[in-house]
Structures are given as structure tokens and as C-alpha cells.
Amino acid sequence: MSARLYRTALVLGFISAIGPFAIDMYLPALPTIAKDLHANDAAVQMSLMVFFLATALMQMFCGPFSDIYGRKLPLYLGLALFAAGSVGSAMATNIEMLIFFRFIQGVGASAGMVVPRAIVRDLYTGVDAARLMSMLMLVFSISPILAPLTGSFIIEDFGWRGVFWAVLLAAILGLALVFFAQEETRPVEQRISGGVGRALRGYAFLIRDSKFIGLTCIGGFCMAAFFVYIANSSFIFIEKYGLTPREYSLVFSLNAISFFGVSQLNGMLASRYGLGKVVSYAVTGYLVTMIIMVLAAIFLTQSLWMIMTFLFIGNGFLGLVLPGTSVLALDDHGEIAGTAAALLGTLQLLVAAAAMGLSSFIMTGNVLPMLVAIALCGFSGWVLTYLTIMRHGLKKPSSHVTEIH
């Protein structure tokens, strides 16, 4: 692969990881934040929830904006807003203030979530896109490995506020990378006109495309499984299993190692078997693994190492699902790649946030409800995989994209 491709993967991966970095770095601090700001666990988790919701909803505006004005401008605006939210979060004096600025952070993070996927589609399709998307995921997945561990060191030395000063520096570095290292992949002659009406027509077209919606929601439910883990694991592992924040960070990073390691097989497996089959087998493998994990927790043991072993295996399967579904969903929509990537990201995060919110009603502070919620997300993803891919195979959209011009 060319040096240009590696540079693109590095830049886009870093930009994509800035938002998740702001999540993963402060996970070890959630119990501390609750005590420091005199808030209950649910209120602190709300600071996580609003970040997801803001990121999801603002992608709907960011994607069409990038189709109209190019890919770099929304990245500049998003990273600047993310930086402002980071400063506000670092200076929060109560939980309400923290929740507000986390929302601002999430609004800014939306550009980093949607525009890199549109850039991948600008440059490649099919197997080549899967390779670049997997390389992007390689850089992106370093965040869950390094962020909690880095966060635990920062929290130990500077307190939880230091986490937000650290992500501010990441945002500034991201701005520099966009300016100096990332080319504009949406030249003026390829940009679209039509404003809000054009965006609405694009969304209306995509919503009618059952293939696009099915693939998007497959990835959404698989993402939801991981978000349920993110929202609950720090309280369970630190307070119930007695892990220190640093030990929790190390345990958390194992999931990312499995995810990004297996994701690098996407290009090879896709060229041999096709992306559709890779996604189908991976979703099935994930569901089977999660079911066995729940049964083992009910009838055998709820030891930490048993749980982490199954999650390690399961997240390896997710490393094949998430890049593959994104590439397949965007393949037919190059002319509106920003709009398509926005709807994909928004729907996936909304599905994940809804699952995270619903799971909170069954959480008791013990591990079994979390495992059951994760398995239910995997089952939902498998049902959609059967309906979208397994039953009749992948089909082209019923109408051509140029009809929305």
C-alpha cells in the first residue's frame, strides 16, 4: 500500500479517535466524579449519554454540510467546538455544568465521526475501502487501549479535570493534522447544491433503501453491545470486583486489542469470501459467544477472567462487523457520501444510546444484567443480519441515487 494511504489512515484514525478518547479516558474517573460533584451514578452516566446523543444528532447536519462545502471545513469547526467543550468540562463546578459542556463536546465530536468515513468513500469502494477502513479502525482502536490507562495516570496525578485538558491538546493536534496532512477529497466541482432541501431528499432516499438501513442497524446493535459495556463496566469492575482504576484500564484495553487485531483481517477475508459473508459469519460468531458467556455466568461462575475471556473473543468478531457494515452501507452512495455517512453514524449511535438507556433499567450493580443486555444486543444484530444478508443476499437500491438531485 502507498505512503499516501498510510498517511490518510493515520490522520483519519486520529481524528476519529478524539471523540472516543474523551469517553474512554474518563471512564476510570466516573466514581470519582460522582463523589467530587456530589452526584449519583445515574447523573454521572448522563454526562456520557448526552455526549453520545449530541454526536449522533449533529452528524445529520455535519454530513450534508461536508457534501456541500467540502470535507475539511466541518472538521475545523467540529474540532474547535470540541476544544471549547473540553475547557468547559474541565472547569465544571457541578454535574449540570459538566453535562452541558459534555453536550458541546459531543456536538464538536460529530465531525470527526462522520467526515472520515465520507473521505474513505471518496477515495475507495469495495475491498480497497475495507482495507482502508480497517487501517483507520487500527488507529481508532488504539483509543480504548491507551485512553483508559492514560486516563488513570492523569487522574492519579491531576484529578479527573486533567482528562479534559488532555483531550483539549488532542483536539489542537487534530486541527494541525487536518491543516497540514489531510487533502481535500471533495473538490469544488463535485460539491452539491440545494441546501436543506437537498439534504432532506438525500435522507428520504436513504431511509427507503432497506439494504442501507439494515446494514447500518446491524452495526448499530453491535456497537450498542459495546456501549452497554462502556456505561456499566467501570462501576461493576471497580466497586464489585475491587479493581483499581488502573487495573480496570488494563482490563478494558483487552477488548480493543482483540477488536483491532481481528479487524486487520477484513481486507484478506473480504477478497476471498466477500464482505457480506464475512459480516454474516462474524455476527453469528458474536451471538454464539455471548450466549455461552451468559449461560456460563448463570450456571458456572461469574469470575472476572471468565467474563473477560468471552468478551475478548466477542470483540474480535466485532472487529469484522463494524468496518464491513460501514463499507457495504456506503458502497452505493458515493455522490452523497457525507449524507450517507451521517445517517449511518446517527442511526448507529441512536441505537447504541437507546440500548444503553434501556439497559440502565435492569442494572443492579451486578455483572449478570450487563451480560444479558450485551447478548440481547447481539441477538438483535443477528436478526437484522439474517433479514438483510442471509435470507436473500445483498441487493442494490431500488432506485438510482441521481433521482434525488
Side-chain angles (χ1 to χ4, degrees), residues 4-5 7-20 55-79 82 107-126 128-137 139-140 174 177-178 181-195 198-203 205-207 209 212-213 215-216 219-220 322-349 397 401 404-405:
R4 175 173 173 265
L5 188 144
R7 183 189 67 196
T8 301
L10 179 62
V11 173
L12 297 183
F14 182 83
I15 293 169
S16 299
I18 289 175
T55 302
L57 295 175
M58 287 308 298
Q59 287 186 58
M60 298 290 284
F61 299 94
C62 185
F65 187 87
S66 74
D67 283 337
I68 297 170
Y69 297 104
R71 307 305 187 200
K72 295 185 73 168
L73 180 58
L75 289 176
Y76 288 136
L77 296 176
L79 287 167
F82 180 88
V107 172
S110 64
M113 299 297 289
V114 64
V115 175
R117 282 187 292 226
I119 292 175
V120 171
R121 179 56 186 83
D122 288 342
L123 297 173
Y124 301 101
T125 60
D128 290 333
R131 289 195 177 98
L132 179 54
M133 191 73 77
S134 295
M135 290 180 64
L136 189 153
M137 288 286 183
V139 180
F140 176 87
L177 286 173
V178 173
Q182 180 57 52
E183 63 182 309
E184 176 60 69
T185 61
R186 189 80 169 186
V188 175
E189 62 272 14
Q190 294 181 11
R191 296 175 190 176
I192 62 175
S193 59
R198 174 65 174 77
L200 292 176
R201 288 193 297 274
Y203 286 132
F205 172 83
L206 292 166
I207 289 172
D209 180 359
F212 175 85
I213 295 297
L215 289 164
T216 295
L322 293 177
T325 52
S326 295
V327 169
L328 288 169
L330 297 179
D331 251 356
D332 299 318
H333 304 293
E335 294 183 37
I336 51 169
T339 302
L343 184 58
L344 180 145
T346 296
L347 290 177
Q348 287 187 340
L349 284 178
V401 71
I404 66 174
H405 285 183

Do L344 and L206 come within less than 4.5 Å of each other through their side chains, counting heavy atoms only?
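The answer is no, as the side chains (C-beta and beyond) never meet within the 4.5 Å cut-off.
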Looking only at heavy atoms, what is the nearest atom pair of [X] and [Y], with distance?
X	Y	answer
L79	G174	CD1-C, 3.6 Å
A111	G78	CB-CA, 4.0 Å
E183	K72	C-CD, 4.1 Å
S66	R71	OG-NH1, 2.9 Å
G219	L322	O-CD2, 3.3 Å

Candidates I15, I119, L177, V115 - the one meeting side-chain contact (heavy atoms from CB on, under 4.5 Å) with Q182:
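With Q182 as partner, side-chain contact (heavy atoms from CB on, under 4.5 Å) holds for just one option, I119.
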Atom [atom1] of [X] and atom [atom2] of [Y]: how far apart are they, to the nearest 0.5 Å?
X	Y	atom1	atom2	result
I18	M113	CD1	CE	11.5 Å
L75	L12	CG	CG	8.0 Å
F212	L347	CZ	CG	7.0 Å

Mind checking what makes ring-ring contact (aromatic ring centres under 6.0 Å, His included) contact with F82, not counting sequence neighbours?
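Residues passing ring-ring contact (aromatic ring centres under 6.0 Å, His included) with F82: none at all.
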Side-chain donor-acceptor pairs of residues 58-65 under 3.5 Å, sequence neighbours excluded:
unit_1 : atom_1 : unit_2 : atom_2 : d
Q59    : OE1    : R117   : NH2    : 3.4
Q59    : NE2    : T55    : O      : 3.3

